[in-house]
Amino acid sequence: MAVEHFQYKGINFSLPIYSVESLDFAENQFQALDSDVFNVTYPKSGTHWILEILSLIRTNGDPAWARSVPLWLRSPWIEAVDAQIKGVEPPRALCSHLPRQLFCKSVFRSKAKIIYTLRNPKDVMVSLFFFAKSVCCYQDPETFEQLLEDFLKGDVLYGSWFDHVKGWMKMKNEGNFFYITYEELLQDPRDSVVRICNFLGKDLDDAAIDSVVENSTFKAMKENEMSNYSHLKLDYIDESKSAFYRKGISGDWKNHFTVAQNEHFDKVYQEHMKDCGFNFFWEKK
Ligand code: A3P
């Protein structure tokens, strides 16, 4: 199937998942509530993982809701054409991949909270390569090399990873903004859940926290039919090309990048990130 891409204010999106109207709605008309929590990511950085964690925190660790309602109804992507936001009862947890400059203006006038999740961009790139092969809104990338070049130039859906991260991380000292890395989630999921609860002001007991962690593991999410897109197969995602819950590890880039690609990536990364003033978990020796 041919995939049609378009630009909205200089950023690439794809039809029919997004439209100029849906993006304009998200940016200018969507009304945030003070009780909203926004799960914001650059694609392939752990969006679904945080979504599942937020669903489970909302129910104090009870998995019944996450196992009975599809994730796109629990936490719609606000910029999507068919985002079913009206069906979500407050306090809402809503998802978005929008860069900060296109994000809902009303959020910045509200007390709504934002959780921003980042991931080593090399692993984002690998995850994107496989995702793009299987999901309807992406052109099947011709080669890894080609997608890598497009990724480094920002000529991919949702634009440049560097701009996305630098844009959102300007909020890092604001009280309603919390950031976490995919790698921290992997290394210590329990501590990550506790930190998210603290940010949200949710006081869960130990058993509830354990349940959030157990029900949001890679295996649990892959098996949860309400979280694994099995109802949408072939229309939206063709898992014969690549599983949506593919590997769930950090460092997979080492299995895919050549030495030259890695050096090139590091050089571009340095150019973009040298003045940004923060070191991410994946950069520590
Ligand atoms: P891989 O393709 O590297 O396996 P997003 O939700 O932003 O689209 O990110 C998808 C990536 O997160 C995929 O990475 C997916 O496997 C991984 N992922 C999703 N849920 C996870 C979990 N519970 N634990 C670890 N990784 C998870």
Side-chain angles (χ1 to χ4, degrees), residues 14 17 38-57 63 66-67 70-72 74-80 93-99 115-138 141 144 147-148 151 156-159 161 164-165 168 179-193 196 210-230 232 236-239 241-257 281-282:
S14 74
I17 309 263
F38 292 89
N39 170 20
V40 182
T41 56
Y42 189 84
K44 312 320 294 170
S45 301
T47 330
H48 291 74
W49 197 355
I50 295 288
L51 189 165
E52 201 81 337
I53 288 171
L54 292 176
S55 291
L56 291 158
I57 290 176
R67 288 187 193 160
L71 47 76
W72 62 90
R74 281 182 265 139
S75 286
W77 270 250
I78 51 175
E79 63 269 24
L94 301 166
C95 295
S96 178
H97 291 315
L98 288 172
I115 297 177
Y116 187 62
T117 309
L118 311 99
R119 185 182 191 185
N120 184 338
K122 294 178 189 172
D123 284 332
V124 169
M125 163 60 213
V126 171
S127 184
L128 180 63
F129 177 69
F130 289 100
F131 185 62
K133 287 179 173 298
S134 60
V135 83
C136 68
C137 58
Y138 281 87
F144 186 81
L147 185 65
L148 182 61
F151 182 86
V156 285
L157 298 186
Y158 284 99
W161 180 91
H164 203 281
V165 167
W168 278 107
Y179 71 93
I180 189 162
T181 62
Y182 178 92
E183 292 74 13
E184 287 171 298
L185 281 159
L186 266 183
Q187 193 181 54
D188 196 339
R190 197 174 196 288
D191 178 65
S192 301
V193 169
I196 292 170
D210 288 342
S211 180
V212 173
V213 174
E214 280 160 25
N215 286 289
S216 62
T217 61
F218 182 78
K219 184 170 179 293
M221 288 179 63
K222 194 175 174 82
E223 287 171 0
N224 181 358
E225 288 190 358
M226 295 297 140
S227 301
N228 65 13
Y229 290 108
S230 51
L232 295 183
Y236 177 72
I237 181 160
D238 182 354
E239 288 214 298
K241 295 181 176 158
S242 178
F244 181 78
Y245 292 95
R246 194 183 60 89
K247 281 197 175 173
I249 60 170
S250 78
D252 192 32
W253 65 269
K254 292 174 195 156
N255 299 315
H256 297 277
F257 278 53
F281 182 73
W282 63 83

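Counting starts at 1 for both ligands and their atoms, following the listed order.
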Option of least heavy-atom distance to atom 6 (O) of ligand 1 (set: K222, E52, H48, K44)
H48
Within the 4.0 Å heavy-atom cut-off, what S216 brings close to ligand 1 is backbone
When you measure from the side chain of D123 to the backbone of D252, do you find a donor-acceptor pair of N or O atoms at a distance under 3.5 Å?
yes
Among residues at least two apart in sequence or on other chains, which ones pass ring pair (Phe, Tyr, Trp, His ring centres under 6.0 Å) with F218?
none
Going by atom types alone, do N228 and E239 pair a side-chain donor with an acceptor below 3.5 Å?
no
Do you know the tightest heavy-atom contact between V124 and P43?
CG1-O, 3.4 Å
Give a yes-or-no answer on whether the side chains of T47 and T41 include a donor-acceptor pair shorter than 3.5 Å.
yes
Are any of the heavy atoms in F130 under 4.0 Å away from ligand 1?
no
Do any nitrogen or oxygen atoms of G46 lie less than 3.5 angstrom from nitrogen or oxygen atoms of ligand 1?
yes
Is T47 in polar range of ligand 1, meaning some N or O pair under 3.5 Å apart?
yes
Just say parallel, tilted or perpendicular for the rings of F257 and W253, cut-offs at 30° and 60°.
perpendicular
Using a 4.0 Å heavy-atom threshold (strictly under), name the region of S45 that reaches ligand 1: side chain, backbone, both or neither.
backbone
Could you tell me which atoms of ligand 1, counted from 1 in the order shown, lie closer than 4.0 angstrom to a heavy atom of Y245?
16 (O), 19 (C), 20 (N)
Identify the protein heavy atom lying closest to atom 15 (C) of ligand 1, giving its residue, its atom name and the separation to 0.1 Å.
F244 O, 4.1 Å
Among S127, G251, P189, G248, whose heavy atom sits nearest atom 13 (C) of ligand 1?
S127
Which atoms from ligand 1 have a heavy atom of T217 less than 4.0 Å away?
23 (N)
Just going by heavy-atom distances, which of R119, K247, K219 is nearest to atom 3 (O) of ligand 1?
R119
Say whether F218, considering both its backbone and side-chain N or O atoms, lies within less than 3.5 Å of an N or O atom on ligand 1.
yes
Taking atom OG of S55 and atom CZ of R67, what is their separation to the nearest 0.5 Å?
12.5 Å
For atom 22 (C) of ligand 1, find the nearest protein heavy atom and state the residue, atom name and distance (0.1 Å precision).
W49 CD2, 3.4 Å
Check whether any N or O atom of R246, backbone or side chain, sits under 3.5 Å from an N or O atom of ligand 1, and answer yes or no.
yes
Report the residue from W49, Y42, Y116 that forms a ring-ring contact (aromatic ring centres under 6.0 Å, His included) with Y182.
W49
Spatial distance of atom CG (N39) from atom OG1 (T117) [nearest 0.5 Å]:
5.5 Å
Pick one of side chain, backbone, both or neither for how Y182 approaches ligand 1, counting any non-hydrogen atom pair under 4.0 Å.
side chain
Any residue meeting ring pair (Phe, Tyr, Trp, His ring centres under 6.0 Å) with F244, in chain and number order, not counting sequence neighbours
H48, F131, Y229
